[in-house]
Every structure is written in structure tokens, then in C-alpha cells.
Amino acid sequence: MIEKIKGFRDFYPEDMLVRENLFGTMRKCARLFGFLPIDYPSLELLDLFRTKSGDELLSQTYSFTDKGKREVTLIPEATPSTVRLMGSRKDLPRPVKWYSIPKLWRYEEPQSGRTREHSQFNADIFGDSSPEADAEIIGLACETLESLGLKGSFEVRINHRQIMEKIMNMLGTKDLVAGLNIIDRYRKETRENMLEELTQNLGSSKNAGLLIEFLSDKSKASEIAKTIHKHFPSLDLSELVKGIDETIRILESWGYSNLVFDPATVRGLTYYTGIVFEGFDINGKYRSIFGGGRYDNLTGLISGQDMAAVGFGMGDAVLENLLREKELWVIPRERSRYLIIPMKEETRKYALELAGSLRKSGVDCSTMNNVKSLSNSLKSASSGLYTHAIIVGPKEMETGKVTVRDLSSGNQEEKRMDEIH
Ligand code: HAM
């Protein structure tokens, strides 16, 4: 047998039913927040990601030269394509609010929560630079997780690129992008490595020490100004902080209270210009559940016209880990799925007719197409993919009623056709 490629996943129905429900929840929440669907190709010109996404992501692309000698890549993220679509429709009244759930490909080292192919829920708002738009984006990410049953199980770590730039400049960074990349690895590196790398970047071990103290100081999101003042009393960032405070106030008024200010959240992608945020499980056990931020310059780079933009991406892999841990990775029961079991050869035709009528009235069902003993048939029905069995014997054919067995409780009831939903 030919094996599948490392880092890629197969999905069987028992997982696909859960995944379809997961994507359904994402779509439902996006629509609740007024976002509309878009889609784009899985293959794009590599240039779309050059310099825009950053060197790390570019080094992870599945890219190749096609038969027309074009350098192309399987898309490693959705944002540049989304921006390209926006740039080609300047006529659209703004703000524009779009969502999509593409598959993405990154040549990363496969590990828990990180695969080489994943599905990612993306939502973005264009043409709105207000703190309210930032709140809508973070609010949608929170609402999606809460709708999946994860209320209280996650936190959103928030920061602002310009706050970090001002602090890094004050501390004497020689290379801002490199400095932010070091900070991005803060929780993965030892303190010694951090100190060494930041000392090189800032040209001062004292300032590197001050920065590390600050990076470790996660606080309530409502205390950003206080936290910054504690570490850097001479720095006045009140204008910047006012905007984030407003976003946080709106989010809290909507009931999302799991928000923290985290100076170590800077985001690896280079294009962010404002608020940045990442969602994590409350115990910090897994990698990020979602991440995003404001990126007001990317539309200019891709389409030649600057436009305010903010958005997030939420992958399926960490979500699956977390939902499994919380015992929420279960096949949804709200829609019944019936297996119709003919007990005798002469009831097979009737079973097929029954299936035809049930489908016309919108009921999901299959028929067993060979006659086995009831216990064997029930064994097939208990694969987890059906919620009920409908047993059809000669008696049922005569009375017009059927026996419906709930496969999880084992309870049986006589029902008329129109009582089956
Ligand atoms: P990102 O942080 O690279 O951001 O990815 C967002 C989310 O996608 C992560 O938090 C994680 O859930 C998931 N993810 C990323 N890489 C993998 C992987 N190898 N395996 C499984 N899941 C993964 C972006 O991609 C931005 N384009 C998001 C964005 C949209 N920013 C603005 N709009």
C-alpha cells in the first residue's frame, strides 16, 4: 500500500461528522457577526507571499515552478489572497466583512496541533480602522469558541505592535523586525538564550533584562497603561492605549472577559501594524488556537492602495486537541440518522419504499440491502454513524407502523412514518 505523506491527515466519517459541525459553527458565527463568504485558489503565485508574510512562512511553503515556468505555491495562509480579492473590488461599499475556511499548507515539523495541511477559519474586516472593528474580530473568535462549548477554557492574549515598536526603539534596538522575531519565541526559549539574543539586538544587557521583565508581566487587559508605566515610567503611550482600552471595553460589554495584556504576544508574521492577539487554552498546554491582528499596510503592498484591515485565522488542529480534552469531540445528535433494517426478504422492497418517502420528507436514512439476523443487523447499525434503527418485518408492513430503536439507549417504540424526524 502507498502511504500518505508525513504531516498530512486522513479523516474517517466519525471525525468528519464532528468536523462538519465544527465548520458549520464557524460559518454560523461569522454570519451572526455580519461576515459574508469568499473563496480563492489553493495555488497562487509565490510573489503574493514574498516579503509580505515574512521569511519564516516563506521558507515553509510548498512551492514549485509549474509547466508554464511560473513560481507558484500551495497557499500557506489566507490573508494575502483575501487582500488580493479586496484589491480587485475597490467598488465595494466599506467596511467589507469576509470569511473563508480554506485548506492551508506549511512545511513545518509535524507535532501536536501543527500539521503540514490544515483547515483555517479566517475572518477579516476591510476599510474600518476603528477600535470597534478590532472588537468585532476578536469577538467573533471568542463567540466561535464559546459556541463550541469552550467558554472559560481559553484566554485571549492581546498586545499592540506599535507599543512594542516604541518600547524596542526606546531600548535601542538595532533591527526591529529581528527583535520582534526574538520576542515571538519568548515562551519557547530559555531565559539565558533570550537574554543573549536580546542583548545583541539591543546592544545592552541591562535593557535586555528590563525587556524580559516586561515580557513576563502578563496582566489584566484593562491594566495595560498601568503595566507599561510600571516598567517604563518615562514612556507616554496614552494615545495608543486609549484605542485598545476601547476595544477591550466593548468586548467586555459583550460578555467576553477572558482577555489579558501579554507583552510577549507580537505575532510572527511581519505585516501587522496595530493590535495583535492570540487565543490559547487557559492552561497554556497547547499552541495557539487562533491568531490575528490589524494589518493596515498589506493592501497597499498587494494592490497598490492602502486600506485599513484587521482579521484572524483559527486552525482546526489545536481546536481538535482541546475539544477532545474537554470531551466535546462528539458526533452531534441533533440530526437523527436512521438505518432501515428489513427482517425478511419480502420486506426489502417495503424498506426501500420507506427510505424513499423518508428522504422526501428530509430524514437522513440508509437501508440494509441484505437480510441478516436482527442481532447482526443491529451490530452494523451500531457503528456510531446511525442514531436509530428502523426495524421492518411482515407485521410492520401490515400495520403501516415500524419499530424505531434508539441505538444509544436501546429503547424501542412503534411509530407511524409521519412520526419519524
Ligand atoms: P497564524 O498565526 O500563522 O496566522 O495562523 C493562525 C492559526 O492557524 C494558528 O493560531 C493555528 O490555530 C493555525 N495554524 C497555523 N499553522 C498551523 C499548522 N501548521 N498546523 C495547524 N494549525 C496551524 C495567520 O495565518 C494569519 N494569516 C491570520 C490572519 C488572518 N491575520 C489576519 N487575518
Side-chain angles (χ1 to χ4, degrees), residues 6-9 19 22 26 30 35 38 40 44 48-49 52-62 74-86 96-126 133-134 136-138 140-141 144-145 148 150 154-157 159 161 181 184-185 187 265-281 284 286-299 302 307-323:
K6 183 181 169 196
F8 286 69
R9 295 168 293 171
R19 286 171 63 78
L22 175 73
M26 291 168 170
F35 288 72
I38 56 161
Y40 30 79
E44 294 269 19
L48 190 60
F49 302 91
K52 289 126 198 159
S53 302
D55 291 342
E56 192 190 2
L57 198 69
L58 199 68
S59 71
Q60 293 170 340
T61 53
Y62 276 88
L74 285 169
I75 54 173
E77 62 154 335
T79 313
S81 304
T82 309
V83 167
R84 185 171 55 70
L85 260 74
M86 185 65 242
V96 166
K97 296 165 77 175
W98 282 341
Y99 75 91
S100 53
I101 312 181
K103 273 199 174 181
L104 303 177
W105 295 267
R106 295 184 189 181
Y107 199 88
E108 285 191 58
E109 208 34 53
Q111 51 185 291
S112 170
R114 284 292 177 273
T115 56
R116 289 184 172 170
E117 177 184 61
H118 74 281
S119 295
Q120 198 189 87
F121 173 33
N122 273 262
D124 294 271
I125 303 180
F126 294 96
D134 295 349
E136 286 213 323
I137 281 293
I138 299 175
L140 171 55
T144 306
L145 296 187
L148 291 167
L150 293 171
F154 69 95
E155 67 176 19
V156 187
R157 300 177 185 167
N159 197 357
R161 267 289 173 94
N181 279 334
D184 189 44
R185 287 186 279 108
R187 290 202 171 82
T265 294
V266 291
R267 308 276 297 135
L269 296 159
T270 42
Y271 49 63
Y272 293 109
T273 54
I275 197 165
V276 282
F277 54 84
E278 281 179 354
F280 279 88
D281 64 289
Y286 302 109
R287 301 193 51 172
S288 66
I289 312 169
F290 65 85
R294 179 162 283 287
Y295 53 100
D296 290 346
N297 298 336
L298 191 60
T299 44
I302 290 175
M307 194 190 300
V310 61
F312 73 80
M314 177 186 290
D316 59 347
V318 173
L319 252 185
E320 177 175 340
N321 288 344
L322 194 55
L323 290 168

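Counting convention: from 1, in listed order, for ligands and their atoms alike. Please read all numbers here as calculations on a predicted model, not as lab measurements. All residue numbers in this chain count up from 1 along the given sequence.
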For [atom], which of the options [options] provides the nearest non-hydrogen atom?
atom	options	value
atom 22 (N) of ligand 1	Arg106, His118, Glu56, Arg116	His118
atom 11 (C) of ligand 1	Ser288, Gly279, Pro76	Ser288
atom 31 (N) of ligand 1	Tyr107, Tyr272, Phe312, Tyr286	Tyr272

Please check if any side-chain donor atom of Thr79 sits under 3.5 Å from a side-chain acceptor atom of Tyr295, or the reverse.
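Result is no, nothing qualifies.
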
Taking the side chain as every heavy atom from C-beta outward, state whether [X] and [Y] have any atom pair closer than 4.5 Å.
X	Y	answer
Phe280	Val318	no
Phe290	Leu145	yes
Arg9	Arg116	no
Met307	Val96	no
Ile75	Leu48	no
Asn122	Phe35	no

Does [X] come within less than 4.0 Å of ligand 1, judged by its heavy atoms?
X	result
Val318	no
Trp105	no
Arg267	yes
Gly113	yes

Quick one: nearest non-hydrogen protein atom to [atom], plus distance?
atom	answer
atom 18 (C) of ligand 1	Arg114 CD, 3.3 Å
atom 24 (C) of ligand 1	Leu269 CD1, 3.6 Å
atom 33 (N) of ligand 1	Asp124 OD1, 2.8 Å
atom 8 (O) of ligand 1	Gln120 NE2, 2.8 Å
atom 20 (N) of ligand 1	Thr115 N, 2.9 Å

Please could you name the atoms of ligand 1 that [X] approaches to less than 4.0 Å, counting only its heavy atoms?
X	value
Phe290	10 (O)
Thr79	26 (C), 27 (N), 29 (C), 30 (C), 31 (N), 32 (C), 33 (N)
Tyr271	26 (C), 27 (N)
Ile289	10 (O), 12 (O)
Glu108	16 (N), 17 (C), 18 (C), 19 (N)
Gly291	10 (O), 28 (C)

Give yes or no for whether the N/O distance cutoff of 3.5 Å, strictly under, is met between [X] and ligand 1.
X	answer
Gly313	no
Tyr295	no
Asn122	no

What do we get for Glu77 next to ligand 1 when only non-hydrogen atoms under 4.0 Å count, side chain, backbone, both or neither?
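For Glu77, only side-chain atoms sit under 4.0 Å from ligand 1.
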
Residue part near ligand 1, for Phe280, under 4.0 Å between non-hydrogen atoms:
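Answer for Phe280: neither.
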
Out of Arg267, Arg187, Arg287, Arg157, which one pairs with Glu278 under the salt bridge (Lys or Arg N to Asp or Glu O under 4.0 Å) rule?
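Option passing the salt bridge (Lys or Arg N to Asp or Glu O under 4.0 Å) with Glu278: Arg267.
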
Determine the minimum heavy-atom distance between Ala78 and Pro102, stating which atoms define it.
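Heavy atoms of Ala78 and Pro102 come nearest at CB-CG, 4.0 Å.
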
Under 3.5 Å: donor-acceptor pair, side chain of Thr273, backbone of Asp296:
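A pair under 3.5 Å: yes.
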
Working to the nearest 0.5 angstrom, can you tell me the gap between [X] [atom1] and [Y] [atom2]?
X	Y	atom1	atom2	answer
Asp124	Arg294	CG	CZ	10.5 Å
Leu140	Phe312	CG	CZ	4.0 Å
Asp316	Ile101	CG	CD1	10.0 Å

Testing Gln60, Glu77, Glu117 one by one against Trp105 for a side chain to side chain donor-acceptor pair (under 3.5 Å), which residue passes?
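It is Glu117, the one option of Gln60, Glu77, Glu117 that forms the side chain to side chain donor-acceptor pair (under 3.5 Å) with Trp105.
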
